[in-house]
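Everything on this sheet refers to the single structure shown next.
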Amino acid sequence: MDMSKARPSERIRFQQDVIRQQDELIDLLKGALAAAGLHMEGKPEPWLSELTTQERALVGALFARFPRVVDRYDLLDSLPGYSNAEDRQVQILNVIVHRIRRKLGEDAIYTARGQGFRLGDRFYAELKSKSAPSEEIISPEPRSAFG
């Protein structure tokens with residue numbers, strides 16, 4: 001399916017299918033880790049749980065495209081819950097960015113006037129360092145001789 005010509009509702013349906021498939025893959029991988037005797041100990045970062053779904057989607061879209069500036073309309077396409085044309089107003093991005101800056105700091109998102117937004121350099125570096133795999137996240141569970 002050519003997503004550039006798809007209606008917003010079709011894009012959302014496609015994105016929901018992709019998310020559903022990714023959730024199934026995550027469950028599969030969790031099962032594989034458990035079968036191998038590995039246990040996940042990590043918890044979500046506290047700042048992440050403070051963000052709404054739309055705020056997380058916006059940060060995720062900017063993170064994926066760092067260091068490029070992302071056009072406001074492209075960001076609107078990545079936000080969940082804005083499938084109707086009247087809901088898709090560029091001003092809503094300003095509100096969401098303001099809320100993110102209030103929660104995460106003014107330098108979390110940089111505004112490129114007339115172009116769009118991008119993650120701040122320092123915030124990106126913090127996220128990148130937190131997302132790097134470490135040995136503390138996955139630790140083997142002791143196996144018994146019986147199972």
Side-chain angles (χ1 to χ4, degrees), residues 1-36 38-141:
M1 171 182 259
D2 183 11
M3 294 282 52
S4 64
K5 296 178 183 176
R7 299 175 72 139
S9 60
E10 293 170 338
R11 287 183 185 183
I12 289 174
R13 221 179 346 260
F14 176 77
Q15 290 172 348
Q16 288 171 338
D17 289 341
V18 169
I19 290 170
R20 195 173 306 111
Q21 291 170 0
Q22 290 173 344
D23 284 343
E24 291 171 1
L25 179 62
I26 289 170
D27 289 340
L28 177 71
L29 292 173
K30 284 180 182 177
L33 287 172
L38 300 174
H39 176 67
M40 298 294 290
E41 293 183 14
K43 291 183 180 179
E45 295 290 329
W47 65 267
L48 187 60
S49 60
E50 294 174 2
L51 298 179
T52 66
T53 304
Q54 292 172 346
E55 293 165 351
R56 285 193 301 266
L58 183 67
V59 169
L62 294 173
F63 182 81
R65 295 180 181 113
F66 184 84
R68 290 174 280 151
V69 173
V70 183
D71 179 71
R72 294 169 186 266
Y73 293 99
D74 290 339
L75 286 172
L76 272 176
D77 286 340
S78 68
L79 292 180
Y82 288 98
S83 58
N84 296 329
E86 57 270 3
D87 289 340
R88 296 169 36 94
Q89 297 179 9
V90 177
Q91 294 85 357
I92 193 69
L93 284 176
N94 295 333
V95 173
I96 295 171
V97 167
H98 174 73
R99 290 192 320 232
I100 292 170
R101 286 178 176 153
R102 191 176 33 177
K103 293 175 182 178
L104 304 179
E106 287 295 318
D107 59 344
I109 296 179
Y110 169 77
T111 302
R113 192 166 179 88
Q115 297 176 0
F117 298 101
R118 74 171 176 84
L119 280 186
D121 295 328
R122 190 168 9 140
F123 185 63
Y124 176 80
E126 287 177 27
L127 287 179
K128 192 74 170 169
S129 69
K130 290 178 183 177
S131 67
S134 70
E135 292 181 16
E136 297 173 4
I137 295 176
I138 300 177
S139 61
E141 290 181 352

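Within the 4.5 Å cutoff, the side chain of Leu51 has heavy atoms near those of the Leu104 side chain. At a threshold of 4.5 Å between non-hydrogen side-chain atoms, the residues Arg102 and Val97 do not count as touching. Counting heavy atoms from C-beta on, the side chains of Arg11 and Arg7 never come closer than 4.5 Å.
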Is there a side chain to side chain contact (heavy atoms under 4.5 Å, CB included) between Thr52 and Ile96 once you walk through the steps?
CA-CA 9 Å; Thr52 66; Ile96 295 171; 5.9 Å; no
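Rounding to the nearest 0.5 Å places CG of Leu119 at 8.0 Å from CG of Leu58. To the nearest 0.5 Å, atom CG of residue Leu93 and atom CD of residue Gln54 are 9.5 Å apart.
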Which side-chain N or O atoms in residues 108-118 pair as donor and acceptor under 3.5 Å with protein atoms at least two apart or in another chain?
residue	atom	partner	partner atom	Å
Thr111	OG1	Arg101	NH2	2.7
Arg118	NH1	Asp121	OD1	3.1

For residues 61-72, which side-chain donor-acceptor pairs fall under 3.5 Å, sequence neighbours excluded?
residue	atom	partner	partner atom	Å
Asp71	OD2	Tyr73	N	3.0
Arg72	NH1	Asn94	OD1	2.9

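Scanning for salt bridge (charged side-chain N to carboxylate O under 4.0 Å, His left out) contacts around Asp74 gives an empty result, with sequence neighbours left out. Not counting sequence neighbours, the partners of Arg99 by the side-chain hydrogen bond (donor to acceptor under 3.5 Å, both in side chains) test are Glu55.
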